[in-house]
Amino acid sequence: MNILLAEDEPKIASFLKKGLEESAYNVDWVKDGKEAIRKGLESEYDVIILDVMLPHIDGFQVCRRIRVKKLQVPILMLTALDSTEDKIKGLDAGADDYIPKPFDFEELLARLRALTRRSHVQNPEKQAAEEVISIENLVCNLSRKEVKRGGKEIKLTAREFELLVFFIKNKNHVLDRATIAAQVWDISFDTGTNVVDVYVNYLRNKIDKDFDKKLIHTRIGLGYIMSTES
Ligand code: CA
């Protein structure tokens with residue numbers, strides 16, 4: 001197993017490198033974001049461990065740049081703070097998992113094992129099972145990012161798709177605007193914006209407008225709910 005480790009703190013990096021090598025991983029260590037992108041794109045790694053705070057280019061950016069070219073490589077982010085915002089930002093940037101610092105080395109090893117197992121399962125050559133979620137006759141294929149209602153394909157933007165997925169995963173629960181904003185947008189919620197309402201309307205126009213049975217309902221003063229019952 002080959003690991004790319006991007007970490008600028010020499011103490012943490014040498015501790016990690018030593019521990020991982022003792023666990024039979026090969027480790028290439030880079031100290032900044034530029035190097036991480038260069039090595040990450042030029043070589044084949046089984047996992048990339050990426051610190052968020054890196055010189056030149058931060059871990060979120062590194063993650064995005066690598067994801068554009070390499071869809072499959074598992075990326076584990078090391079976040080300094082166990083903040084939801086960092087977590088969402090990391091996952092939005094395309095990370096597969098994250099671990100807050102300071103971390104327990106055994107836990108890190110367990111996460112690495114889980115990630116490499118998962119990536120083998122997801123390998124398309126091994127016929128990955130497609131992940132599908134649905135409500136009524138609306139079907140959302142998470143693997144292919146496809147949405148169909150009544151068998152008819154519906155084109156959504158990336159953000160509309162994320163919003164829909166969040167609704168379906170939480171169907172029959174009222175979701176307030178702050179929760180939706182925190183989960184679907186990687187910005188902290190500014191109460192002065194109506195971005196959630198705007199996007200809910202975009203989504204309604206695409207998935208509900210042409211159908212008798214509406215799936216998204218407004219709960220005045222509370223938020224929105226996705227349900228087959230109005
Ligand atoms: Ca750092």
Side-chain angles (χ1 to χ4, degrees), residues 1-123 158-159 162 165-166 178-179 181-190:
M1 287 272 179
N2 295 313
I3 295 183
L4 177 65
L5 170 66
E7 169 61 79
D8 59 316
E9 294 286 328
K11 265 192 187 162
I12 298 173
S14 55
F15 164 76
L16 273 174
K17 192 172 189 303
K18 190 165 166 278
L20 290 168
E21 284 172 348
E22 280 166 7
S23 309
Y25 291 99
N26 297 316
V27 181
D28 283 346
W29 172 31
V30 293
K31 302 178 187 71
D32 66 65
K34 272 188 197 163
E35 274 290 283
I37 292 171
R38 191 181 63 77
K39 288 287 278 183
L41 292 178
E42 97 184 356
S43 312
E44 288 299 323
Y45 290 102
D46 296 294
V47 181
I48 298 176
I49 300 177
L50 196 55
D51 184 32
V52 170
M53 300 299 283
L54 287 171
H56 305 309
I57 301 173
D58 73 21
F60 299 125
Q61 285 292 333
V62 172
C63 193
R64 276 190 203 100
R65 303 248 201 116
I66 290 175
R67 264 293 168 263
V68 171
K69 296 262 170 66
K70 291 198 171 177
L71 295 170
Q72 298 292 329
V73 62
I75 298 178
L76 175 68
M77 301 209 64
L78 302 175
T79 62
L81 298 164
D82 188 12
S83 80
T84 313
E85 202 178 316
D86 263 14
K87 178 190 159 189
I88 294 169
K89 239 174 138 177
L91 297 177
D92 256 12
D96 298 281
D97 201 0
Y98 76 101
I99 192 164
K101 286 179 178 175
F103 51 81
D104 177 70
F105 189 70
E106 287 303 317
E107 192 191 342
L108 180 94
L109 284 180
R111 302 277 186 109
L112 284 178
R113 281 194 296 271
L115 275 181
T116 48
R117 256 200 315 270
R118 224 182 292 162
S119 83
H120 285 295
V121 173
Q122 282 174 358
N123 189 331
R159 196 65 78 182
E162 278 177 55
V165 168
F166 186 59
T179 304
Q183 293 293 321
V184 180
W185 280 264
D186 55 357
I187 44 164
S188 51
F189 188 53
D190 168 12

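Throughout, numbering of the chain's residues begins at 1 and tracks the sequence. Indexing begins at 1, ligand by ligand and atom by atom, following the structure's order.
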A.B. asks: Please determine which of Asn2, Asn26, Asp28 meets the side chain to side chain donor-acceptor pair (under 3.5 Å) test together with Tyr45.
C.D. replies: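 Single pass found, and it is Asp28.
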
A.B. asks: Mind checking how many protein N/O/S atoms fall short of 3.0 Å from the Ca ion (ligand 1)?
C.D. replies: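 Atoms of protein N, O or S type lying less than 3.0 Å from the Ca ion (ligand 1) total 3.
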
A.B. asks: Distance-only check: which donor-acceptor pairs under 3.5 Å involve side-chain atoms of residues 15-25, not counting sequence neighbours?
C.D. replies:
residue: Lys17; atom: NZ; partner: Glu21; partner atom: OE2; Å: 2.8
residue: Ser23; atom: OG; partner: Gly19; partner atom: O; Å: 3.0

A.B. asks: Give a yes or no on whether the backbone of Ile75 and the side-chain of Asp96 come within a donor-acceptor separation of less than 3.5 Å.
C.D. replies: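 Confirmed, Asp96 side chain pairs with Ile75 backbone.
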
A.B. asks: Distance-only, no hydrogens or angles: does the Arg67 side chain make a donor-acceptor pair with backbone N or O of Ala95 under 3.5 Å?
C.D. replies: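 No, Arg67 side chain to Ala95 backbone: no donor-acceptor pair under 3.5 Å.
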
A.B. asks: Just jot down the side-chain hydrogen bond (donor to acceptor under 3.5 Å, both in side chains) partners of Thr179, sequence neighbours excluded, or say none.
C.D. replies: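 Partners of Thr179 under the side-chain hydrogen bond (donor to acceptor under 3.5 Å, both in side chains) test: Asp176.
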
A.B. asks: Pairs of donor and acceptor atoms involving the side chains of residues 53-61, under 3.5 Å and at least two apart or interchain, shall be tabulated with distances.
C.D. replies:
residue: Asp58; atom: OD1; partner: Phe60; partner atom: N; Å: 3.1
residue: Asp58; atom: OD1; partner: Gln61; partner atom: N; Å: 2.9

